[in-house]
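Just the heavy atoms: all of them, side chains too, but no hydrogens, waters or symmetry mates, feed the values below. Computed from a prediction, not measured in an experiment: that's the story for all the values here. Counting convention: from 1, in listed order, for ligands and their atoms alike.
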Amino acid sequence: MSDAATQPAESVAAARVVGAVKIYGSGETEVRALDNVDITFERGCFTAIMGPSGSGKSTLMHCMAALDDLTEGQAFIGDTDLSTLSDRELTRLRRDRLGFVFQAFNLVPTLTAIENITLPMDLARREPDREWVDSVIATMGLGDRLAHRPNELSGGQQQRVALSRALASKAEIIFADEPSGNLDSRSGTDVMRFMRQAVDDLGRTVVMVTHDVKAASYADRAVFLGDGSLRGEMLNPTAVEMLDYIKILQVGHFVRSTPGGATMDEVLEFMEDMDD
Ligand code: ADP
Ligand code: MG
């Protein structure tokens, strides 16, 4: 039997985009935020999407997560082609299959931690799976914080509540956009450990946008965007390896953007300035 025939259905990637193009605006104000991106996100994998500000990280995440649509190309969640779904079906897919964590924690200030965690299911009038929610809360270390309101929690704890809310509905994939962007370094590290546990202990798939190599070093895989294109990727990335790689990408960009190409002296000077 061929491999394809023996593979279980779960071998379908968690998410992927094919030939993804996203253009904002038109005419003189046109911005090509994604320029023909192909990328696959495997199940049970923690991926960091890296790249400088404006490189298309959030756009890629939004188009994969059915928060925005592509101008060209296709985006899949599992084997579902998002372009075939109605608005109503997209809303249901987001609610039932995806979880979101943003830089701003987006918690409801008047609700307690546990009320925030189960709010999406309460709104959808769905009975939470108590056993699952309990294991999420235990994994996220929030057991003794459930009655607290957001203003009684630290930034790191608030983000753990937001992550628990994303996990509580058993979302297949957690999409996180700069989840440590609003946190001090220690709370940021803390949240990364819990993102890691969402994958290792709860079996979820995590796709996280970040421009922080320290945050990305918690991922299984880092992919690098530049000017809306995929520049490369790294498995089990360390912060040092990523910093070196980003320097190489910057040199490449410098050479390409210098009219007529850069001389060796200019490249060396550019590299010296980079180290300052
Ligand atoms: P990143 O998350 O890597 O900082 P974004 O995906 O937010 O980058 O943006 C990629 C490019 O698309 C940038 O040039 C940005 O200015 C542009 N862009 C993003 N969103 C919009 C929008 N809603 N309208 C117009 N341009 C946008
Ligand atoms: Mg962004």
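The ring pair (Phe, Tyr, Trp, His ring centres under 6.0 Å) analysis of residues 46-99, with sequence neighbours excluded, yields no pairs.
Nearest heavy atoms, Ala14 versus Ile173: O-CD1, 3.3 Å. Nearest heavy atom pair, residue Pro150 against residue Val108, reads CG-O, 3.6 Å. Across all non-hydrogen atoms, the minimal contact from Ala168 to Val133 is O-CG2, 4.1 Å. Residues Ile137 and Ile117 come closest through the heavy atom pair CG1-CD1, 4.3 Å.
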Go through the steps for Asp265 and Thr263 under the test side-chain hydrogen bond (donor to acceptor under 3.5 Å, both in side chains), then give the verdict. CA-CA 5 Å; Asp265 282 347; Thr263 64; 5.4 Å; no

Stepwise side chain to side chain contact (heavy atoms under 4.5 Å, CB included) check, Phe105 with Val161: CA-CA 8 Å; Phe105 319 127; Val161 173; over 6 Å; no

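Residue-level contacts of ligand 1 at the 4.0 Å heavy-atom threshold are Tyr24, Val31, Ala33, Pro52, Ser53, Gly54, Ser55, Gly56, Lys57, Ser58, Thr59.
Look at Lys22 and Asp69 and you find a salt bridge, because one of the NZ, NE, NH1 or NH2 atoms lies within 4.0 Å of a carboxylate O, short of that distance.
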For residues 196-203, please give each side-chain donor-acceptor pair under 3.5 Å, one per line with the distance, not counting sequence neighbours.
from, atom 1, to, atom 2, distance (Å)
Arg196, NE, Asp200, OD2, 3.1
Arg196, NH1, Tyr218, O, 2.9
Arg196, NH1, Asp220, OD1, 2.9
Arg196, NH2, Asp200, OD1, 2.8
Arg196, NH2, Asp220, OD1, 3.1
Arg196, NH2, Asp220, OD2, 3.4
Gln197, NE2, Asp201, OD2, 3.3

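For the Mg ion (ligand 2), the nearby protein N/O/S atoms, meaning those under 2.8 Å, are Ser58 OG.
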